[in-house]
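Accompanying notes for the structure given below.
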Amino acid sequence: MKTSYFILIFICIPATLRTNDNLPNCKDALRDCLRPEVVWTRCYEDRITICILMTRMPIPNFYRWSVNSSNKAEERTNSGHRVHIPAHVLQRSKRNDSNSNDYVQITMAVLNSSLFKTERGTCVFWKDSENKNGEGDWSSEGCITTLIHGEFVCSCNHLSFFAVLVNSKLSVDPVNAANLGYISYIGSSFSVVFTTVTLVMYTCLRKGHSEQSISIHVQLTGALLFLHLSYLLSEWWVWREADGAEGHVCLAFGLLLHWALLSTFTWLAIEGFHLYMLLVRVFNVYVRKYLLKLSLVGWGIPTATVTACRFLGVYGIHSFYMTGANNGSSTDICWISSATDSPGVVVSYITVSGYLGLVFLFNTAMLGVVVVKLWGQRGEGRMWKDWATVLGLSCVLGVPWGLAFCTYGPLSLPGLYLFSIFNCFQGVFLFLWFLALSRKGRPEHSSVKDSSSQKMMETNFN
């Protein structure tokens, strides 16, 4: 799907127009208003209500006709738009001019959507900003959107610059949006609790130097704790401040959430790298100050990234739009700003979608290596244990994060539910994995010294 190319505008005015040589030419109305020193939408709306046709040649995408105010008005454009104006709307317009007769004149134009600097979608009208600087945004106030046989029907209680903007971004109806919200809040709350318990258990139970794999698991757990906690704080702040959420506090929460997400992705990649060192390299894998270097990468890359993004000014309110009964309503979060004048879209694609894609591909390949090795060592009674190992490693490697790429297209809604369930409860799954490893209570072995490859596999998965 793509953003609609044409913008539909219609304005009702009394048919008693003045004829004056000083009135603007309808053909030049748009050109005269596209100047940097004026608000072009207001200028154009004013001009086409009073402009005159100085040529008998039809003006492309411009329509004007008279209709009795007691009848409804309908018109189709060459570009396929259809306009329906009820009679009571024409009567209301007629009452604004006591000197008019029973007829009103309707002016309608179709404009290129590139004139409007926005990327949001639904049945909307253009609303100028209060600071009168020429900028604005689409608003769905007073409009109801209905999809009938693949066609959008917009029913609005006022007249202005109207459009149906179809956006490729995912929109969900309010019911599913509420369900996904509950899943996210409950899952993140559980993850905060269980990741905290995991960290406490690690602190209390470790004796001397713990295994490198366990230490990496714990740092991933810490990143997840920051992620879910910052998400809940960000949502709470927007709910608490309502319309006044935009500010330094929201910016800080957005930065923290971005940092925690990048930290989680980085530690997932480190999990995959560590598995590669153990299963592929096997011999001569000693690295001096290995955990220290991994920690510098795991926490340093996200910190450097969000510092650069902070100077770009990308953090603020991000709006997710919903379709359905509320027509264009949105839910907000302190995150990478969705404002059209912000480079947040590019930053989000590079640092979130792109980074996640690379981590997902690498870790999926590492999981494939594990499956191949387990298949080569298969034996009686090991099938269920092997499946449990693969499922546990899938969680540790963050494979369910790949469901983010299934939230588009025909499977978008099921993909969203699966993504929310698996990733919001990831802290719980990691706790169960850590608990299973702790119960084994094995001393640390060196995979180099193990002559049995099966023992090596079991040790490395720990």
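Count residues from 1 along the sequence.
- Between Cys43 and Cys33, the SG-SG separation falls below 2.5 Å.
- Phe429 pairs by the ring pair (Phe, Tyr, Trp, His ring centres under 6.0 Å) definition with nothing, not counting sequence neighbours.
- In the displayed structure, Arg47 atom CZ is contacted under 6.0 Å by more than 12 heavy atoms of other residues, nucleotides or ligands.
- Arg240 places no side-chain N or O within 3.5 Å of a backbone atom of Glu235 that could act as its donor or acceptor partner.
- In this structure the side chain of Phe434 never reaches within 4.5 angstrom of the side chain of Thr221, judged on heavy atoms.
- The OG atom of Ser188 sits 11.0 Å away from atom CG of Leu225, with the distance rounded to the nearest 0.5 Å.
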Please lay out, stage by stage, how Leu227 and Phe265 fare under the test side-chain contact (heavy atoms from CB on, under 4.5 Å). CA-CA 11 Å; Leu227 175 61; Phe265 290 166; over 6 Å; no
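- Asn176 and Tyr417 share a side-chain donor-acceptor pair at under 3.5 Å.
- Side-chain N or O atoms of His228 include none that pairs as donor or acceptor with a backbone N or O of Ser191 at under 3.5 Å.
- Using a 4.5 Å heavy-atom threshold, the side chains of Val175 and Asn179 count as touching.
- The side-chain contact (heavy atoms from CB on, under 4.5 Å) check on Asn68 picks up Ser70, Asn71, Asp102, Tyr103, with sequence neighbours excluded.
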Kindly indicate, with the supporting measurements, whether the criterion disulfide (SG to SG under 2.5 Å) is fulfilled by Cys154 and Cys143. CA-CA 7 Å; Cys154 298; Cys143 291; over 6 Å; no
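- With contacts defined as side-chain heavy-atom distances shorter than 4.5 Å, the pair His258/Thr351 qualifies.
- For Phe362, the CZ atom is densely surrounded, since the number of other residues' heavy atoms within 6.0 Å is greater than 12.
- Closest heavy-atom contact between Gly272 and Met366: O-CG, 3.5 Å.
- Residues Trp401 and Phe422 keep their aromatic ring centres 6.0 Å or farther apart.
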Working note: Phe226 + Thr264, criterion side-chain contact (heavy atoms from CB on, under 4.5 Å); need CA distance, chi angles, decisive distance, verdict. CA-CA 9 Å; Phe226 284 124; Thr264 300; over 6 Å; no
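- Between atom CG of residue Leu30 and atom CD1 of residue Ile48 there is a gap of 9.5 Å, rounded to the nearest 0.5 Å.
- Distance check: Phe253 CZ to Leu233 CG gives 5.0 Å after rounding to the nearest 0.5 Å.
- A heavy-atom distance below 4.5 Å is not found between the side chains of Cys406 and Leu418.
- In this view, Phe360 satisfies the ring pair (Phe, Tyr, Trp, His ring centres under 6.0 Å) rule with no residue, not counting sequence neighbours.
- In this structure, CG on Leu180 lies 10.5 Å from OH on Tyr185, to the nearest 0.5 angstrom.
- Counting all heavy atoms, side chain and backbone alike, Gly427 lies closest to Thr195 at CA-CG2, 3.7 Å.
- Glu271 and His217 share a donor-acceptor pair across their side chains, judged by distance under 3.5 Å alone.
- For Val67 against Lys72, the heavy-atom pair with the smallest separation is CG2-O, 4.0 Å.
- A donor atom on one side chain and an acceptor atom on the other are found under 3.5 Å apart for Gln219 and Ser295.
- Under the 3.5 Å distance criterion, with hydrogens and angles disregarded, a donor-acceptor pair is assigned to the side chains of Trp259 and Thr303.
- For the atom pair Asn423 CG and Leu403 CG, the distance stands at 6.5 Å (nearest 0.5 Å).
- Applying the side chain to side chain donor-acceptor pair (under 3.5 Å) test to pairs two or more places apart or on separate chains, those with a residue in residues 355-371 are Thr266-Tyr355.
- Residues that satisfy the side-chain contact (heavy atoms from CB on, under 4.5 Å) test with Ile59, not counting sequence neighbours, are Cys26, Lys27, Leu53, Phe62.
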His318 and Cys250: side-chain contact (heavy atoms from CB on, under 4.5 Å), yes or no, with the steps? CA-CA 10 Å; His318 187 97; Cys250 186; over 6 Å; no
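- Rounded to the nearest 0.5 angstrom, Leu255 CG and Trp335 CH2 are separated by 10.0 Å.
- Contact check for Val238 versus Cys334: side-chain heavy atoms found under the 4.5 Å cut-off.
- Side-chain contact between Leu220 and Ile216: absent, with no pair of heavy atoms (C-beta onward) separated by less than 4.5 Å.
- Here the shortest heavy-atom pairing between Pro343 and Leu312 reads CG-O, 4.0 Å.
- Tyr44 and Ala109 get closest at one heavy-atom pair: OH-CB, 3.6 Å.
- Two residues are said to be in side-chain contact when any heavy atoms from C-beta on lie closer than 4.5 Å; Thr107 and Tyr63 fail this criterion.
- Phe405 pairs by the side-chain contact (heavy atoms from CB on, under 4.5 Å) definition with Leu356, not counting sequence neighbours.
- Looking at Cys309 and Tyr315, their side chains come closer than 4.5 Å, going by heavy atoms from C-beta outward.
- When all heavy atoms are compared, the tightest approach of Asn25 to Ile52 is OD1-O, 3.4 Å.
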Run the numbers on Ser337 and Ile317 for side-chain contact (heavy atoms from CB on, under 4.5 Å), then give the verdict. CA-CA 5 Å; Ser337 175; Ile317 290 291; 5.9 Å; no
